[in-house]
Asker: 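Following this message is one structure expressed as structure tokens.
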Amino acid sequence: MRLRLRRLRTSETVRDLVRENEVRLADLIYPVFAAEGSGIRNPVASMPGIYQFSVDMLMPEIDRAVALGIRAFLLFGIPLHKDETGSGAWAEDNVVAAAIRAVKRKYPEVVLIADICLCEYTSHGHCGLIHDGCIMNDETLPLLSRMAVTMAEAGADIVAPSDMMDGRIGYIRDDLDRRGFFGVSVMAYSAKFASAYYSPFRDAAHSAPSFGDRKSYQMDPANGREALRELAEDAAEGADYLMVKPALAYLDVLKEARQNFRLPLVTYNVSGEYAMVKAASAAGYIDEKRIVHENLLAMKRAGADLIISYHALDYAQWLSEGQRL
């Protein structure tokens with residue numbers, strides 16, 4: 001008997017029946033940038049469609065996203081004040097904490113994820129304390145934990161350490177538990193690579209390092225086996241979610257992570273990936289909707305349970321219009 005694989009592709013209905021992966025709105029997390037001040041709705045030039053919002057201007061964006069079916073948001077802060085230690089990261093009037101409280105008052109059911117890192121709050125733009133030009137690991141952990149506790153106190157459902165300091169997941173988990181925040185989850189940026197794909201984000205978050213780079217703490221893009229060690233360590237320290245970042249150039253790592261770990265697996269469809277699609281679409285080179293859907297499907301197929309994506313709002317809008325992607 002001759003094998004005819006095409007029988008499973010004979011019509012749209014048949015293809016729907018045998019489809020192995022799909023991208024649901026429940027799989028998507030929408031990143032937003034909360035800026036200190038008022039009346040702020042600043043477009044990010046390198047990321048068309050993405051804005052920096054003051055808390056008073058953020059709510060219409062949240063309203064629109066929730067109305068379209070998005071239920072999870074990742075929040076980044078853009079403070080007015082920065083210093084050597086990043087003390088604004090754990091201040092009571094922290095802009096992300098204010099945004100969390102505002103959103104939770106109106107939408108208590110949505111999931112709010114607070115990014116935990118000092119880079120947006122330090123005058124030097126690095127993710128940890130500095131001594132003699134070196135990024136200090138253990139000395140940074142208490143500060144990251146103070147930030148995580150501040151976000152938990154504001155009402156964050158999940159804290160997401162993105163700094164890549166060794167041991168921070170266990171330190172933060174212990175501190176949260178000690179303070180009674182047993183229900184607050186930890187989403188670990190476990191395999192976060194020192195990637196050129198982050199450049200537009202640094203425009204959006206005003207977080208570029210003022211000297212050097214982040215290669216002494218973020219991962220070497222050449223190393224896949226090391227990524228599994230990072231993932232294993234975060235799992236052992238108590239992470240509730242594991243992450244691979246970026247997504248598209250690291251689908252091999254994502255697939256290996258899926259095969260080796262049973263925790264919920266997240267990938268971050270980062271700013272550079274988003275910006276390239278937007279630029280190619282604006283030039284008329286690609287069909288944006290089909291490319292976005294195919295990219296997101298590739299992440300799901302590789303093993304992601306959840307995808308952080310700047311495309312989330314567009315994707316939700318397309319689905320609401322009944323467009324078949």
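Starting from 1, each residue takes its place in the sequence as its number. Heavy atoms only: backbone and side chains are in, while hydrogens, waters and symmetry mates are out.
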Asker: Ignoring hydrogens and geometry beyond distance, is a side-chain donor-acceptor pair present between Asp56 and Ser38 at under 3.5 Å?
Answerer: no

Asker: Under the 3.5 angstrom rule, does the side chain of Glu120 hit a backbone N or O of Phe76 as a donor-acceptor pair?
Answerer: no

Asker: Between Asp240 and Arg173, is the closest basic N to carboxylate O distance under 4.0 Å?
Answerer: yes

Asker: Answer yes or no: does atom CD of Glu92 have more than 12 heavy-atom neighbours from other residues, nucleotides or ligands under 6.0 Å?
Answerer: no

Asker: If I take atom CZ from residue Arg146 and atom CG from residue Asp175, how far apart are they, to the nearest 0.5 angstrom?
Answerer: 10.0 Å

Asker: Between Pro142 and Tyr171, is any pair of side-chain heavy atoms under 4.5 Å apart?
Answerer: yes

Asker: Taking the side chain as every heavy atom from C-beta outward, state whether Leu68 and Arg64 have any atom pair closer than 4.5 Å.
Answerer: yes

Asker: Please find the pair of heavy atoms, one from Leu118 and one from Ala89, that lie closest to each other, and give the distance.
Answerer: CD2-CB, 3.9 Å

Asker: Going only through I, L, V, M, F, W and Y residues with side-chain contacts under 4.5 Å, is there a path from Val32 to Ile40?
Answerer: no

Asker: Donor-acceptor pair, distance only, cut-off 3.5 Å: does the side chain of Glu139 make one with the backbone of Leu129?
Answerer: no

Asker: Answer yes when Asp314 and Lys289 have at least one side-chain N-carboxylate O distance shorter than 4.0 Å, and no when they do not.
Answerer: no

Asker: Taking Ser190 for the side chain and Leu231 for the main chain, is one N or O donor matched with an acceptor at less than 3.5 Å?
Answerer: no

Asker: Looking at Ile100 and Ala114, what are the two nearest heavy atoms and their distance?
Answerer: CD1-CB, 4.2 Å

Asker: Please check if the side chain of Asn260 supplies one atom and the backbone of Glu256 the other of a donor-acceptor pair under 3.5 Å.
Answerer: yes

Asker: Would you compute the distance between atom CD1 of Ile307 and atom CG of Leu28 and round it to the nearest 0.5 angstrom?
Answerer: 6.0 Å

Asker: So do the side chains of Asp166 and Glu233 get within less than 4.5 Å of each other, counting heavy atoms only?
Answerer: no

Asker: For residues Thr267 and Asn269, determine if any side-chain heavy atom of one lies less than 4.5 Å from a side-chain heavy atom of the other.
Answerer: no

Asker: Check whether any side-chain N or O of Gln52 sits under 3.5 Å from a backbone N or O of Asn42 as a donor-acceptor pair, and report yes or no.
Answerer: no

Asker: Group every Ile, Leu, Val, Met, Phe, Trp and Tyr by side-chain heavy-atom contacts under 4.5 Å, then state whether Leu297 and Leu248 land in the same group.
Answerer: yes

Asker: Are there more than 12 heavy atoms of other residues, nucleotides or ligands under 6.0 Å from atom CZ of Arg15?
Answerer: yes

Asker: Would you call Asp252 and Lys255 a salt bridge, using N to O less than 4.0 angstrom?
Answerer: no

Asker: With a 6.0 Å cut-off (strictly less than), is the heavy-atom count around CZ of Arg290, excluding the residue itself, greater than 12?
Answerer: no

Asker: Could you walk me through whether Met219 and Met164 satisfy the side chain to side chain contact (heavy atoms under 4.5 Å, CB included) test, starting with their C-alpha distance in whole Å, then the side-chain angles of each, then the deciding distance to 0.1 Å, before giving a yes or no?
Answerer: CA-CA 8 Å; Met219 287 192 59; Met164 288 300 286; 3.9 Å; yes

Asker: Do other residues, nucleotides or ligands put more than 12 heavy atoms under 6.0 Å from Glu20 CD?
Answerer: no

Asker: Checking Asp305 against Asp27 for the side chain to side chain contact (heavy atoms under 4.5 Å, CB included) test, could you report, in this order, the C-alpha distance in whole Å, the side-chain angles of both residues, the deciding distance, and whether it holds?
Answerer: CA-CA 7 Å; Asp305 298 299; Asp27 301 328; over 6 Å; no

Asker: Is any side-chain heavy atom of Tyr268 closer than 4.5 Å to a side-chain heavy atom of Lys192?
Answerer: no

Asker: Using 0.5 Å steps for rounding, measure from the CZ atom of Phe53 to the CD atom of Glu61.
Answerer: 3.5 Å

Asker: Indicate the atoms forming the closest heavy-atom contact of Val184 with Ala156, along with that distance.
Answerer: CG2-O, 3.8 Å

Asker: If you count heavy atoms of other groups shown closer than 6.0 angstrom to OH of Tyr285, is the number above 12?
Answerer: no

Asker: Using only atom types and a distance under 3.5 Å, with no angle test, would you say the side chain of Tyr198 pairs donor to acceptor with the backbone of Phe193?
Answerer: yes

Asker: Taking C-beta and beyond as the side chain, do Val103 and Phe73 meet within less than 4.5 Å on heavy atoms?
Answerer: no

Asker: Looking at Tyr315 and Val23, would you say the former's side chain and the latter's main chain have a donor-acceptor pair under 3.5 Å?
Answerer: yes

Asker: Please say whether more than 12 non-hydrogen atoms of neighbouring residues, nucleotides or ligands are located less than 6.0 Å from CD in Glu294.
Answerer: no

Asker: Taking all heavy atoms of Leu75 and all of Ala99, pick out the closest pair and write down the distance.
Answerer: CD2-CB, 3.7 Å

Asker: I need the minimum non-hydrogen distance between Gly86 and Trp90, along with the two atoms involved.
Answerer: O-CZ3, 3.4 Å

Asker: How about Tyr197: does its OH atom have over 12 heavy atoms from other parts shown lying under 6.0 Å from it?
Answerer: no

Asker: Would you call the rings of Tyr310 and Phe33 parallel, tilted or perpendicular if under 30° counts as parallel and over 60° as perpendicular?
Answerer: parallel

Asker: Determine whether Leu242 and Val266 make a side-chain contact, defined as any pair of heavy atoms from C-beta on separated by less than 4.5 Å.
Answerer: no

Asker: About how many Å separate CE of Met243 and CD of Glu230, when rounded to the nearest 0.5 Å?
Answerer: 13.5 Å

Asker: Looking at every heavy atom in both Ile172 and Ala148, which two are closest together, and how far apart are they?
Answerer: CG2-CB, 3.8 Å

Asker: Between CE of Met187 and CD1 of Ile308, what distance do you get to the nearest 0.5 Å?
Answerer: 5.5 Å

Asker: With clusters defined by side-chain heavy atoms of hydrophobic residues (ILVMFWY) lying less than 4.5 Å apart, directly or transitively, does Leu112 cluster with Tyr107?
Answerer: yes

Asker: Using atom types as modelled and distance alone, determine if a side-chain donor or acceptor of Asn94 lies under 3.5 Å from a backbone N or O of Ala97.
Answerer: yes

Asker: Report yes if some heavy atom in the side chain of Asp234 is under 4.5 Å from a heavy atom in the side chain of Arg168; otherwise report no.
Answerer: yes

Asker: Looking only at the side chains, is there a donor atom on one of Tyr217 and Asn137 sitting less than 3.5 Å from an acceptor on the other?
Answerer: no

Asker: Hey, mind stepping through Phe181 and Met151 against side chain to side chain contact (heavy atoms under 4.5 Å, CB included) and telling me if it holds?
Answerer: CA-CA 11 Å; Phe181 293 108; Met151 300 306 159; over 6 Å; no

Asker: Given 3.5 Å as the limit, does a donor-acceptor pair link the side chain of Glu36 with the main chain of Leu80, or not?
Answerer: yes

Asker: Show the numbers, then the answer: is there a side chain to side chain contact (heavy atoms under 4.5 Å, CB included) between Met299 and Leu296?
Answerer: CA-CA 5 Å; Met299 298 168 208; Leu296 296 176; 4.2 Å; yes

Asker: May I ask you to decide if Lys278's main-chain N or O and Ser281's side chain share a donor-acceptor pair within less than 3.5 Å?
Answerer: no

Asker: Find the distance between CE (Met47) and OG (Ser199) and round it off to the nearest 0.5 Å.
Answerer: 11.5 Å

